[in-house]
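Shown next, in structure tokens, is the structure this report addresses.
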Amino acid sequence: MSDTAKSDTAATLKSAVQEILKAIDQEREREIITRRFGLFERRETLEQIGELLSITRERVRQLEKAILIRLKIAADEGKIPAVHEIERLIVRDLSENGRVGRVQDVATRMVGNMPTIETKARIAFVGELSPKLVVINENDNYYQGVGIAENGDEKKIRGSVDEIVKTIKKHGEPVDIETLHGMLNYESPSQVRALASLSKGLASLKDVWGLVKWPTVNPKNIRDKIYVILADNGKPMHFSEIAKFIKDRTSSAKRHYSGYS
DNA sequence: TAAGCTTTGACACGCCATAA
DNA sequence: TTATGGCGTGTCAAAGCTTA
């Protein structure tokens with residue numbers, strides 16, 4: 001997708017969300033949805049919105065639930081064309097990229113690098129309303145994601161992600177996506193990649209996947225990075241050797257620069 | 001008086017700081 | 001690293017209030 005097209009998509013997304021909000025009659029209810037999802041500014045808690053509207057957080061929750069049910073029904077009946085317009089864009093993207101994905105990744109593909117928080121919120125919002133989509137809510141273990149509903153609900157997707165994590169753990173070392181696909185039962189490597197990308201417990205380097213705590217796929221310090229570079233050049237070195245290498249170079253540098261002080 | 005609106009109180013869960 | 005407690009947040013069931 002060209003930069004111009006991506007910029008158009010961002011604008012389309014914004015105006016579609018404005019159209020959807022027009023389907024809500026009461027100003028108070030629009031305020032709740034806008035603020036809860038963070039559609040035009042940062043997300044707010046039930047408590048914060050309740051304070052603003054002078055009602056309890058529980059009442060905000062009840063209203064939010066009721067509004068979403070009404071919007072979902074209206075969208076399902078085809079009364080909110082804007083939902084379907086964005087739904088088509090998201091479904092097309094997911095169909096080409098493993099049928100599920102992190103909202104961050106979907107947004108990046110749709111509107112370009114560094115999508116705004118609002119853009120991601122708008123994608124998740126449409127995902128909530130669309131009968132063809134399912135939203136995976138973020139928590140400790142999973143990133144916020146969106147998937148094609150016919151492939152399974154949120155619970156099933158979380159189960160698939162868990163299965164991939166378990167498989168990698170059992171394997172005991174980083175594994176490339178093709179091999180990982182061969183160890184599992186999914187239609188394509190891209191689907192395995194898409195599911196794996198939802199896990200906060202996994203990381204990848206050049207499409208080799210492993211646990212986030214494994215430095216070979218998630219190098220955190222200079223020692224890890226040197227290891228990865230050497231391994232990449234066919235010169236694997238033990239961590240203890242790298243530590244000695246860094247120590248020697250540091251002492252040598254200190255001796256060298258002490259002459260200038 | 002029934003239906004819809006709103007509050008209340010209790011509970012669960014996750015996050016974070018702190019101590020051991 | 002693990003256990004603990006406080007806090008913020010979301011959820012539920014039940015009850016009170018308002019309105020037509």
Side-chain angles (χ1 to χ4, degrees), chain A residues 17 20-77 79 100 102-104 116-118 120-131 133-147 149 153-166 168-170 172-173 195-203 210-221 223-224 239-240 243:
Chain A
V17 165
I20 296 167
L21 292 173
K22 280 184 193 167
I24 303 172
D25 297 332
Q26 293 181 41
E27 175 61 31
R28 183 176 75 164
E29 298 191 343
R30 273 197 296 276
E31 202 70 50
I32 289 171
I33 294 300
T34 301
R35 290 173 186 272
R36 274 302 277 164
F37 282 87
L39 297 175
F40 297 102
E41 47 200 317
R42 68 175 178 82
R43 283 188 68 150
E44 289 181 32
T45 63
L46 297 170
E47 188 83 52
Q48 288 170 321
I49 299 169
E51 207 168 302
L52 180 83
L53 303 173
S54 301
I55 51 177
T56 61
R57 63 180 183 190
E58 171 60 11
R59 185 57 191 149
V60 178
R61 190 191 69 80
Q62 291 166 355
L63 288 169
E64 180 194 355
K65 190 179 170 187
I67 301 160
L68 286 176
I69 288 171
R70 287 207 313 268
L71 285 177
K72 278 181 191 179
I73 291 170
D76 205 18
E77 290 173 346
K79 290 176 182 166
V100 66
R102 270 175 75 173
V103 168
Q104 166 78 37
T116 63
I117 292 169
E118 288 81 8
K120 289 185 274 182
R122 289 166 194 158
I123 289 172
F125 176 55
V126 174
E128 284 287 348
L129 301 183
S130 164
L133 296 169
V134 56
V135 172
I136 299 94
N137 289 304
E138 181 171 8
N139 67 11
D140 254 11
N141 301 320
Y142 313 93
Y143 290 107
Q144 186 184 39
V146 60
D153 60 8
E154 184 179 7
K155 194 178 169 190
K156 190 183 171 193
I157 292 170
R158 285 187 198 275
S160 300
V161 175
D162 292 345
E163 187 192 9
I164 293 171
V165 175
K166 208 171 154 189
I168 292 175
K169 247 185 210 169
K170 196 176 166 192
E173 59 181 345
L195 286 163
S197 73
L198 290 176
S199 172
K200 288 188 179 177
L202 298 179
L211 301 188
V212 78
K213 59 186 175 188
W214 291 349
T216 41
V217 290
N218 187 26
K220 285 195 172 112
N221 52 37
R223 191 183 73 165
D224 297 342
F239 281 135
S240 61

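We name chains A, B, ... by the order of the sequence lines, and we start the count at 1 in each one. What's counted below: heavy atoms across the whole structure, side chains too, no hydrogens, waters or symmetry copies.
- Looking at Ile33(A) and Leu68(A), their side chains come closer than 4.5 Å, going by heavy atoms from C-beta outward.
- When the P atom of dG16(C) is taken as reference, atom CZ of Arg59(A) falls 18 Å away, rounded to whole Å.
- If you take CG of Leu46(A) and P of dT7(B), they are 13 Å apart, rounded to a whole angstrom.
- Atom CD of Glu58(A) is separated from atom P of dG16(C) by 17 Å (rounded to the nearest Å).
- A close approach under 4.0 Å does occur between a side-chain nitrogen or oxygen of Arg61(A) and OP1 or OP2 of dC12(C).
- In this structure, the CD atom of Glu29(A) is 9 Å from the P atom of dC5(B), given to the nearest Å.
- Nucleotide dT11(C) holds its C1' atom 17 Å from the CG atom of Asn139(A), rounded to whole Å.
- What separates CD1 of Ile49(A) from C1' of dT6(B) is a distance of 17 Å, to the nearest Å.
- The residue from Arg122(A), Glu118(A), Arg30(A) that alone fulfils the side chain to side chain contact (heavy atoms under 4.5 Å, CB included) condition with Leu39(A) is Arg122(A).
- Heavy-atom distances to DNA chain B give each of Leu63(A) and Arg57(A) a nearest nucleotide, and the one nearer the 5′ end belongs to Leu63(A).
- One finds the CG atom of Leu21(A) at 10.5 Å from the CZ atom of Phe37(A) (value rounded to the nearest 0.5 Å).
- Rounding to the nearest 0.5 Å gives a distance of 9.0 Å between CZ of Arg57(A) and OG1 of Thr45(A).
- Thr56(A) comes within contact range of at least one nucleobase, with a heavy-atom separation under 4.0 Å.
- In this structure, Gln48(A) places its CD atom 11 Å from C1' of dG8(C), rounding to the nearest Å.
- You won't find any donor-acceptor pair under 3.5 Å spanning the side chain of Gln62(A) and the base of dC5(B), going by distance alone.
- At whole-Å resolution of the value, NZ in Lys65(A) and C1' in dC12(C) are 9 Å apart.
- Counting non-hydrogen atoms under 4.0 angstrom, Arg28(A) reaches the backbone sugars and phosphates but no base.
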